[in-house]
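Notes follow the structure.
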There are 2 protein chains.
Amino acid sequence: MAQMKRMTNQRHAIQEIFGKTDRPLGVEEILQAGRKTVRSLNQATVYRNLKLLVEDGWLKKIDAPGVGPVYERAGKGHHHHFQCRSCDRIFEISGCGLNERIGTPPGFLTERHEVYLFGICSACRE
Amino acid sequence: MAQMKRMTNQRHAIQEIFGKTDRPLGVEEILQAGRKTVRSLNQATVYRNLKLLVEDGWLKKIDAPGVGPVYERAGKGHHHHFQCRSCDRIFEISGCGLNERIGTPPGFLTERHEVYLFGICSACRE
DNA sequence: GTCGTTGCAAAGCCTTTGCAGGGAA
DNA sequence: TTCCCTGCAAAGGCTTTGCAACGAC
C-alpha cells in the first residue's frame, strides 16, 4: 500500500475528476481537467498520483489495446470496455458474456480475463 | 499496401522465425532469434520489417495489455490470447467463448472484439 | 519543524526517422 | 546500374526520477 499521508489540492483535484465521469480517462485528459482546478498541476504530479491511487486501490489502470493507459475508479464490479475507433475514447460496458472455460489450453490456469469491444460510439455515429 | 520489392536476408530471417513458433512474438524475441541467422540484424530493421509485414497483411500486430506489442502470422481465423503473468509470454487460444450479444450500449456499433485470458502457463506451473 | 509532495528538468524506455553506404534485381 | 534496404545514430513520444522548494499536519 502506498503512503498517501497528506491530502493536497493536486490530489484532491485528480480524485474529484473521477467523481464526474462515467468513463475511464487517460493521463492527458486528467491533466487538462485537473488544471481547471489547480492551474499549476504538472504532468509528473499526475503520473505520481495515478500510481499512488492505483497502489492504494482507489483507481484501476486499464491497458486498452492501442491507446495508452486509462484509469477508472476501482471496485466497480466485473465489467469490460468498449473502444471507439473514431474518438479513441473508452467506455464501460456492463455484463460479461464470456464463457471462461472455453479455450484455456490444457495445463494452463486462467485467473482472470478482459474483453474489449471495438467499434463506433453513439456520439461518433451521428 | 507496402513496397516489399526486394527480398533480403534480414527479411527472410524474420519471416522464417514465424514458421517455427506457435505463439506471438515480441520485438526483442524476434531480434534475438533473427540474429542467429543474420548476425548484423539491427533493431531498426526489425521494426521496419514488422511494420511492412503488417501492412502487407502477412503479420498481425497484437497489443496485449501490459506487455509490449507482439506479432503473429495473419490469417489464422478468429481466436484470442492467453497471457502468462509469470513469463509474460502470449499464447494463442482456439475458439472464442464470447457471447456476441453482450453489453454493447444503445447507439453503439460493435465491429470486432478481443478477449485476453490471464493466468499461468503450463511451463510456469511446474 | 518534519517530511510527504510538487514543479521542473533530466534521464529512461521504446519506437521512428535521417542519412550514407550496401546489396537485390 | 538502379534504388530499395540496412546499420547506425539521432530524434520523438511517453513515463519515471533526482532535486530543491513548498506546504500539510
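In the text below, chain A, chain B and the rest are named by the order of the sequence lines, each starting its count at 1.
Pairs passing the salt bridge (Lys or Arg N to Asp or Glu O under 4.0 Å) check and including a residue from residues 57-66 of chain A, sequence neighbours excluded, do not occur. Listed by first then second residue, pairs satisfying side-chain hydrogen bond (donor to acceptor under 3.5 Å, both in side chains) with a partner in residues 116-126 of chain B read B/E114-B/Y116, not counting sequence neighbours. Sorted by first and then second residue, the salt bridge (Lys or Arg N to Asp or Glu O under 4.0 Å) pairs involving residues 19-41 of chain A (not counting sequence neighbours) are A/R23-A/E29.
For the pair A/Q15 CD and C/dT5 P, the interatomic distance rounds to 12 Å; values are reported in whole Å. For the pair B/L52 CG and C/dT16 P, the interatomic distance rounds to 11 Å; values are reported in whole Å. Atom pair B/R35:CZ and D/dT6:C1' shows a separation of 13 Å (rounding to whole Å applied). Atom pair B/Q10:CD and D/dC8:C1' shows a separation of 14 Å (rounding to whole Å applied). Atoms NZ (B/K51) and P (D/dC4) sit 16 Å apart, rounded to a whole Å. For A/N49 and C/dG4, the CG to P distance is 15 Å, given to the nearest whole Å. Between the CG atom of A/D56 and the P atom of C/dG4 there is a distance of 16 Å, given to the nearest Å. Atoms CD (A/E29) and P (D/dC14) sit 14 Å apart, rounded to a whole Å.
Taken residue by residue, residues 38-47 of chain A places heavy atoms nearer than 4.0 Å to DNA chain C at A/S40, A/L41, A/N42, A/A44, A/T45. Annotation: proximity of residues 59-67 of chain A to DNA chain C (heavy atom, distance under 4.0 Å) is found for no residue.
When the side chain to side chain contact (heavy atoms under 4.5 Å, CB included) test is applied to B/N42, the partners found at least two apart in sequence or on another chain are B/A44, B/T45. Residues passing the side-chain hydrogen bond (donor to acceptor under 3.5 Å, both in side chains) test with B/R89, sequence neighbours excluded: none. For B/F18, there are no ring pair (Phe, Tyr, Trp, His ring centres under 6.0 Å) partners at least two apart in sequence or on another chain. Evaluation of the side chain to side chain contact (heavy atoms under 4.5 Å, CB included) rule for B/T37 yields B/A13 as partners, not counting sequence neighbours.
Annotation for A/H78 and A/C96: closest pair NE2-SG, 3.3 Å, computed over non-hydrogen atoms. Scanning both residues, A/L109 and B/F82, for their nearest heavy atoms gives O-CZ, 3.5 Å. In terms of heavy atoms, A/S86 sits closest to A/C124 at OG-SG, 3.5 Å.
In the helix from C/dG1-D/dC25 to C/dA25-D/dT1, the terminal helix axes, each the rotation mapping four pairs' C1' atoms onto the next four within five end pairs, subtend 30°, rounded to 10°.
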Please list, one pair per line, the donor and acceptor atoms closer than 3.5 Å that link side chains of residues 66-76 of chain B to other protein atoms, with sequence neighbours excluded.
unit_1	atom_1	unit_2	atom_2	d
B/E72	OE1	B/H79	NE2	3.3
B/E72	OE1	B/H81	NE2	3.0
B/E72	OE2	B/H79	NE2	3.0
B/R73	NE	B/W58	O	3.3
B/K76	NZ	B/E92	OE1	2.9

Distances under 3.5 Å only, N/O to N/O: pair up the protein atoms with those of nucleotides 19-25 of chain D.
unit_1	atom_1	unit_2	atom_2	d
D/dG23	N2	A/R6	NH1	2.2

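By the criterion of side-chain heavy atoms lying less than 4.5 angstrom apart, applied directly or through intervening Ile, Leu, Val, Met, Phe, Trp or Tyr residues, A/I93 is grouped together with B/F108 in one hydrophobic cluster. In the hydrophobic clustering of this structure, A/L53 groups with A/L41; members are Ile, Leu, Val, Met, Phe, Trp, Tyr whose side-chain heavy atoms approach within less than 4.5 Å, directly or through other members.
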